[in-house]
Protein chains: 2
Amino acid sequence: MSLPHAILTALLEKPSSGLELARRFDKSIGHFWQATHQQIYRELGKLEQSGLIRALPAEQPTRGQRKEYEVLAAGRAELTDWVSRSEDPRPIRDPLLLRLRAAAVVGPAGLVAELQRHLELHQRQLADYASIEERDFSHDQPAVEDRLRHVVLRAGMELESSWINWLTQTLAELRKL
Amino acid sequence: MSLPHAILTALLEKPSSGLELARRFDKSIGHFWQATHQQIYRELGKLEQSGLIRALPAEQPTRGQRKEYEVLAAGRAELTDWVSRSEDPRPIRDPLLLRLRAAAVVGPAGLVAELQRHLELHQRQLADYASIEERDFSHDQPAVEDRLRHVVLRAGMELESSWINWLTQTLAELRKL
DNA sequence: TCCTTTTCTGCAACTAGTTGCATAACCGTG
DNA sequence: CACGGTTATGCAACTAGTTGCAGAAAAGGA
């Protein structure tokens, strides 16, 4: 049940149309919650039906015509409530770990190259985050909103670092075999 | 497409019935890939149909009667191949980060308690992993299979540590506000 | 023996997320 | 102005995962 809340957040930051949202998801929110334009359009429909957002009035928009949405009071209330709700962390669900487990049974042939590739991808991701951090969060007196956005980015960097760490150790271990 | 491979792995370690698999998922594989008994039964059906596993012959099993499966040669081949296939890491998708992002817009009221709770859960999880490590992987001369299973566990520990790290920093930051 | 509980398999109906494609409007250029 | 690319919305059909429940068989008493 996170997608609707992601959309509410994005719309509060700035009222937008479906495609605009999809693009913003690709850039910022998408770093930790991805959604296709399809999901977004469907969810916008549901949110409008349940009265949490509304389409900004325009000349009766038809298919193919831009439609902007804004958050209503009920939507903001729902989001505020959600922020402090209790929800357990998602357990790990990672195919790469599964593959290592399988390798314990059928042999680790070909795994080194794949681990090496993952290592490079995670390094690149970390570098991306670092340059975002430099660009957006190197002010002296950040406002509360910016501090919060910053810690979210830090979480991404922390996780990428731990993958890099683990992959480096694991590659060393695998090369010994 | 990971569940069938998880099942093949588990069945290679030991031929089992559906419920037995479900229980083993809860214990070991489930630390990094969860599945309900429902998913497992359906997947067993599909794997049998496509000739990767077969039910061990018994007196024509009916509903409610235990059915054991074993992996066929084709299944082992598929798993071996999968181990070295190229598959990108899953991007992060985490509701807690989303909630912090929302908090930047509607205010962080009530978040500290929730972060505290998550911190405790991650600490507990890390402790669990540590005791599994102590129990299963403290031999002198581990075999290749055990080394591989060990690095998988290390990945879990690495990730939990980074959450603990981040949550500790973030709580300090939030308490300042 | 009969009854209850537990084990085990499975159907049905749901939510979430993905992929491919259709269709309309908008915009620039020859 | 027409036609070709881009912008924008959306339907349909799919896979993956979840939830609730039904029903058969086995096991364990009283």
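Proteins come first, then strands; the chains are lettered A, B, ... in the order of their sequence lines, and each starts at number 1. Small disclaimer: the values here were computed from a predicted structure and weren't measured.
For Arg23(A), a side-chain nitrogen or oxygen approaches OP1 or OP2 of dA8(D) to under 4.0 Å. Taking only side-chain nitrogens and oxygens, Arg93(B) never comes nearer than 4.0 Å to OP1 or OP2 of dA16(C). For Lys67(A) and dG10(D), the shortest distance from a side-chain N or O to OP1 or OP2 is below 4.0 Å.
Less than 4.0 Å separates DNA chain D from at least one heavy atom of each of the following residues of residues 30-40 of chain A: His37(A), Gln38(A). Residues from residues 3-22 of chain A that place a heavy atom under 4.0 Å from any atom of DNA chain D, listed by number: Ser17(A), Gly18(A), Leu19(A).
At a threshold of 4.0 Å, the pair Glu70(B)-Arg54(B) counts as salt-bridged, since one of the basic side-chain nitrogens sits closer than that to a carboxylate oxygen.
Through chains of ILVMFWY side-chain contacts below 4.5 Å, Tyr41(B) is grouped with Leu19(B).
Spacing between atom CZ of Arg42(B) and atom P of dC14(C) amounts to 14 Å, rounded to whole angstrom units. Rounded to whole angstrom, the span from the OH atom of Tyr41(A) across to the C1' atom of dT18(C) amounts to 16 Å. Here dA16(C) presents its P atom at 10 Å from CZ of Arg90(A), a figure rounded to the nearest Å. Between the CD atom of Glu68(B) and the C1' atom of dT9(C) there is a distance of 14 Å, rounded to whole Å. In this structure, Leu44(A) atom CG and dA8(D) atom P are separated by 14 Å, rounded to whole Å. In this structure, Glu43(B) atom CD and dT9(C) atom C1' are separated by 16 Å, rounded to whole Å.
Shown here are the salt bridge (charged side-chain N to carboxylate O under 4.0 Å, His left out) partners of Arg85(B), two or more places apart in sequence or in another chain: Glu78(B), Asp81(B). Ser16(B) pairs by the side-chain hydrogen bond (donor to acceptor under 3.5 Å, both in side chains) definition with Arg24(B), not counting sequence neighbours. Partners of Thr80(A) according to the side-chain hydrogen bond (donor to acceptor under 3.5 Å, both in side chains) rule, which considers only residues two or more places apart in sequence or in another chain, do not exist here. Trp166(A) pairs by the side-chain hydrogen bond (donor to acceptor under 3.5 Å, both in side chains) definition with Thr170(A), not counting sequence neighbours.
Pairs of residues two or more places apart, or lying in two chains, never qualify as salt bridge (charged side-chain N to carboxylate O under 4.0 Å, His left out) while including a residue from residues 25-47 of chain A.
In the helix from dT1(C)-dA30(D) to dG30(C)-dC1(D), the end axes, each obtained as the rotation axis mapping the C1' atoms of four pairs onto the next four within a five-pair block, lie 10° apart to the nearest 10 degrees.
Considering all non-hydrogen atoms of both residues, Trp82(B) and Pro95(A) come closest at CH2-O, 3.9 Å.
Aromatic rings from His37(A) and Phe25(A) are positioned such that their centres are separated by 6.0 Å or more.
The aromatic rings of His31(A) and Tyr129(A) lie perpendicular to each other, with more than 60° between the two planes, well past the 30° mark.
With values rounded to the nearest 0.5 angstrom, Leu56(B) atom CG is found 11.5 Å from Lys67(B) atom NZ. Between Phe32(A) atom CZ and Asp94(B) atom CG the span is 9.5 Å, to the nearest 0.5 Å.
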Using residues 100-116 of chain B as the side-chain source, report each donor-acceptor pair under 3.5 Å to any protein atom, sequence neighbours left out, with the distance given to one decimal.
from      : atom 1 : to        : atom 2 : distance (Å)
Arg101(B) : NH1    : Glu13(A)  : OE1    : 3.3
Arg101(B) : NH1    : Glu13(A)  : OE2    : 2.6
Arg101(B) : NH2    : Ser28(A)  : OG     : 3.1
Glu114(B) : OE1    : Arg117(B) : NE     : 3.2
Glu114(B) : OE2    : Glu87(A)  : N      : 3.0
Glu114(B) : OE2    : Arg99(B)  : NH2    : 2.7
Glu114(B) : OE2    : Arg117(B) : NH2    : 3.4
Glu114(B) : OE2    : His118(B) : NE2    : 3.0
Gln116(B) : OE1    : Arg175(B) : NH2    : 3.0
Gln116(B) : NE2    : Glu120(B) : OE2    : 3.4

Only distances under 3.5 Å count here; give the side-chain donor-acceptor pairs of residues 152-162 of chain B to other protein atoms, sequence neighbours excluded, each with its distance to 0.1 Å.
from      : atom 1 : to        : atom 2 : distance (Å)
Arg154(B) : NH1    : Glu133(B) : OE1    : 3.4
Arg154(B) : NH1    : Glu133(B) : OE2    : 2.9
Glu160(B) : OE1    : His122(B) : ND1    : 2.5
Ser161(B) : OG     : Met157(B) : O      : 2.8
Ser162(B) : OG     : Leu159(B) : O      : 2.9

Mind listing the N/O atom pairs, protein and nucleotides 4-6 of chain C, below 3.5 Å?
none

